[in-house]
2 protein chains.
Amino acid sequence: MPTVRDVAERAGVSIATVSFVLNGSKPVTPATRQRVEAAVAELGYHRNELARALASRKTRILALAHPTAEHRFGSSTTDFITSAARAARARGYHLVLWPIDTDGQEIHDLLGQGLVDGVVLMEVKLDDPRVDALAASGTPYALIGRTRDPAGLVHVDIDFDRSVADALDHLQDLGHREIAFVTAERPGYGPKVRSEAAYRRLCAERGLEPLLLECAPTAPAGQGLMPRLVERVTAVMLMNEYAAFGVLTGLARAGLGVPDDLSVLSFTSPDMGALADPPLTTSHSPGAELGSLGVHALIDQLEGIEPSAPRLVPCTLVPGQSTARRP
Amino acid sequence: MPTVRDVAERAGVSIATVSFVLNGSKPVTPATRQRVEAAVAELGYHRNELARALASRKTRILALAHPTAEHRFGSSTTDFITSAARAARARGYHLVLWPIDTDGQEIHDLLGQGLVDGVVLMEVKLDDPRVDALAASGTPYALIGRTRDPAGLVHVDIDFDRSVADALDHLQDLGHREIAFVTAERPGYGPKVRSEAAYRRLCAERGLEPLLLECAPTAPAGQGLMPRLVERVTAVMLMNEYAAFGVLTGLARAGLGVPDDLSVLSFTSPDMGALADPPLTTSHSPGAELGSLGVHALIDQLEGIEPSAPRLVPCTLVPGQSTARRP
DNA sequence: GTGAAAGCGCTAACAT
DNA sequence: ATGTTAGCGCTTTCAC
């Protein structure tokens with residue numbers, strides 16, 4: 001592996017000049033720049049990121065801290081992670097994975113290693129001790145999700161208000177007025193709390209009678225909703241990836257069908273929705289976009305670019321065949 | 001952040017001795033060891049992994065190279081990744097994510113940065129240029145999956161022979177003799193090729209008539225199989241995550257049911273299988289185990305531990321209600 | 001068993 | 001505009 005020294009020698013300049021050219025950190029004559037670039041190309045030189053990190057006190061490595069148990073983005077977790085890693089690389093950073101299970105100590109030890117410049121924290125809870133640990137460490141960080149009071153914290157999240165409003169719009173446009181909302185049983189879970197709040201507020205604003213239900217956060221779920229649900233509403237929005245199949249099954253067993261007897265809108269990936277019969281109308285979380293935005297927000301902060309206002313991104317509605325005009 | 005110097009000073013020893021204690025790289029008197037350890041604890045010292053990496057010429061960072069498009073492990077990709085990261089950390093390594101789309105150059109540039117000691121390559125194809133790029137680079141690597149001729153390459157993969165045999169056993173035990181096998185349309189895709197070969201061989205050995213079918217590698221899929229499938233077999237194994245729902249739907253539309261008219265065994269996660277009605281008998285890929293094994297195989301290689309023979313891990317059969325005794 | 005000193009390959013003052 | 005030089009925080013000979 002060639003080093004700056006080899007490049008400098010070959011180009012007939014000092015190692016400082018090589019560094020200036022590589023980093024654009026100081027003005028350099030076009031002529032010498034070219035000689036350096038030629039030497040770099042001829043030698044197939046790549047700078048050693050480790051040495052650079054040590055000398056510059058910037059590792060250009062970010063950590064993606066995520067609990068191993070929960071899967072907030074469900075089917076879009078992979079998209080999120082991949083997109084975060086791509087965004088990092090696009091700006092010259094690397095992303096390391098930190099599966100974090102415990103709260104304070106683990107993250108503290110990891111940070112102590114001095115390997116990363118900042119942390120992207122996934123699956124942020126309303127009251128999250130990891131956020132406190134990060135804040136105490138002084139390491140820059142960006143949150144995916146929000147704590148109870150996220151004011152002043154760098155974060156990106158789903159825009160639950162918009163997402164629920166869009167879903168309601170879709171159903172109301174089809175003539176529905178009795179629209180239930182089903183979440184997963186997860187007390188204190190941010191997305192549940194925020195989407196329920198949005199639903200309640202929107203119902204009030206629009207003069208709709210709210211019907212909030214819950215079911216299990218894992219499959220199978222939703223089948224038990226059935227007697228109650230179809231008696232009281234003509235449409236349902238499911239903020240629970242697993243519930244849709246249960247609802248369809250429960251309905252079928254009662255001799256009823258979608259969308260004739262009930263319109264179903266599920267917050268899940270279109271891929272998942274396509275598995276159902278009929279293919280579901282879905283609203284999918286912006287996993288990839290959040291991954292990218294979160295990383296950019298963190299890097300902006302690291303590089304002293306603008307304060308980077310929190311971004312809230314709505315889910316995207318993809319019409320399927322499980323929603324139809326009210327009978 | 002305290003450094004070795006601070007520790008050395010406080011313990012009244014040289015920085016070399018501190019290093020010896022921290023790494024166990026040289027014998028040290030119990031007494032001085034204790035003094036050093038005390039100083040470490042008092043100062044809350046963590047060694048700087050970056051500096052250690054530069055000086056020792058071992059970064060203790062591994063890359064997980066994965067294509068962004070394909071999703072071999074489907075629903076278990078997240079498990080795989082998480083488990084790989086955990087295994088790495090358990091042995092004192094970090095795992096960086098490298099979403100790789102192009103073939104040679106990208107991986108070459110990344111390796112040139114000198115950030116990683118080795119690479120775990122996911123989604124290995126039968127003929128994979130990335131493997132050649134890695135081999136040419138001289139960087140140690142481990143493959144998840146196998147090339148056409150994996151002899152001599154460090155790799156871990158699903159044991160398709162065992163997995164298909166176990167599935168056949170399950171169905172044959174239930175009295176089935178006509179058992180179809182459905183894969184996803186993906187020419188040259190390792191898992192498809194190897195599982196099909198296993199199916200053919202096993203059918204021959206057991207005197208069964210093979211029926212191989214394909215359908216789309218994305219949802220919706222499988223509905224089109226229906227007239228043909230149920231006329232010719234009493235059971236089907238689906239090596240296609242998306243097909244199961246289509247098969248169920250197709251069957252229902254024909255007024256038929258599972259498992260009465262057809263037994264269905266799907267190679268997917270039990271979570272996914274639980275969504276179906278009836279809950280599917282599934283065989284799930286050992287995503288987490290492969291992630292961990294792959295990382296260990298790579299680290300063993302890096303640390304000069306035994307040659308680490310290739311490990312093939314079978315899928316795990318989880319009986320559901322979609323398979324039953326042949327009518 | 002312990003210490004002194006020479007780097008690892010780079011960046012970033014500070015000179016010139 | 002370019003060069004000299006002093007580190008970044010650690011590991012690792014080589015002496016003692």
Side-chain angles (χ1 to χ4, degrees), chain A residues 1-40 43-61 92 94 111-117 302-304, chain B residues 1-37 39-40 43-61 92 94 111-117 302-303:
Chain A
M1 282 271 169
T3 72
V4 262
R5 278 204 164 61
D6 301 318
V7 175
E9 192 173 337
R10 178 150 196 141
V13 298
S14 75
I15 61 166
T17 302
V18 174
S19 180
F20 298 154
V21 170
L22 258 34
N23 301 312
S25 44
K26 281 206 175 178
V28 158
T29 304
T32 58
R33 163 182 305 282
Q34 298 216 328
R35 298 227 307 288
V36 170
E37 282 167 351
V40 165
L43 295 170
Y45 170 80
H46 286 262
R47 92 182 130 205
N48 183 312
E49 289 296 331
L50 224 52
R52 171 150 106 125
L54 185 59
S56 66
R57 250 150 300 205
K58 290 184 200 317
T59 67
R60 272 155 274 244
I61 300 175
H94 284 271
L111 286 174
Q113 299 182 176
L115 189 75
V116 308
D117 286 342
L302 289 172
E303 299 186 346
Chain B
M1 280 271 169
T3 73
V4 260
R5 276 201 165 64
D6 301 318
V7 175
E9 192 173 335
R10 180 154 196 138
V13 298
S14 75
I15 61 167
T17 301
V18 174
S19 179
F20 299 153
V21 170
L22 258 35
N23 301 311
S25 44
K26 279 205 176 180
V28 157
T29 305
T32 58
R33 162 181 308 283
Q34 299 215 329
R35 297 227 309 289
V36 171
E37 283 166 350
V40 165
L43 294 170
Y45 170 79
H46 287 262
R47 91 183 128 203
N48 182 311
E49 289 296 332
L50 223 52
R52 171 150 103 127
L54 185 60
S56 67
R57 251 149 299 211
K58 290 185 201 311
T59 67
R60 272 156 274 246
I61 300 175
H94 284 271
L111 286 173
Q113 301 183 173
L115 189 74
V116 308
D117 286 342
L302 288 172
E303 299 186 346

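Naming convention: chains lettered A, B, ... in sequence-line order (proteins, then strands); numbering from 1 in each chain.
- A:Ile15 comes within contact range of at least one nucleobase, with a heavy-atom separation under 4.0 Å.
- Here B:Thr3 lies in heavy-atom contact (under 4.0 Å) with sugar-phosphate atoms only.
- Rounded to whole Å, atom P of C:dC10 lies 15 Å from atom CZ of A:Phe20.
- Checking the phosphate oxygens (OP1, OP2) of C:dT2, a side-chain nitrogen or oxygen of B:Thr29 falls inside 4.0 Å.
- An OP1 or OP2 oxygen of D:dC8 is reached within less than 4.0 angstrom by no side-chain nitrogen or oxygen of A:Ser56.
- For the pair A:Leu22 and B:Ala16, both in contact range of DNA chain C, the more 5′-proximal nearest nucleotide belongs to B:Ala16.
- If you check every strand for non-hydrogen atoms under 4.0 Å, B:Ser25 touches nothing.
- Bending across the helix from C:dG1-D:dC16 to C:dT16-D:dA1, expressed as the angle between its end axes from five pairs apiece, amounts to 30° (10° rounding).
- Between the CG atom in B:Asn48 and the CG atom in B:Leu54 there is a gap of 10.0 Å [rounded to 0.5 Å].
- Going from atom CG of B:Leu43 over to atom C1' of D:dG9 covers 15 Å, rounded to whole Å.
- For A:Asn23 and C:dT11, the shortest distance from a side-chain N or O to OP1 or OP2 is below 4.0 Å.
- Annotation: the span from A:Leu115 atom CG to B:Arg52 atom CZ amounts to 11.5 Å, rounded to 0.5 Å.
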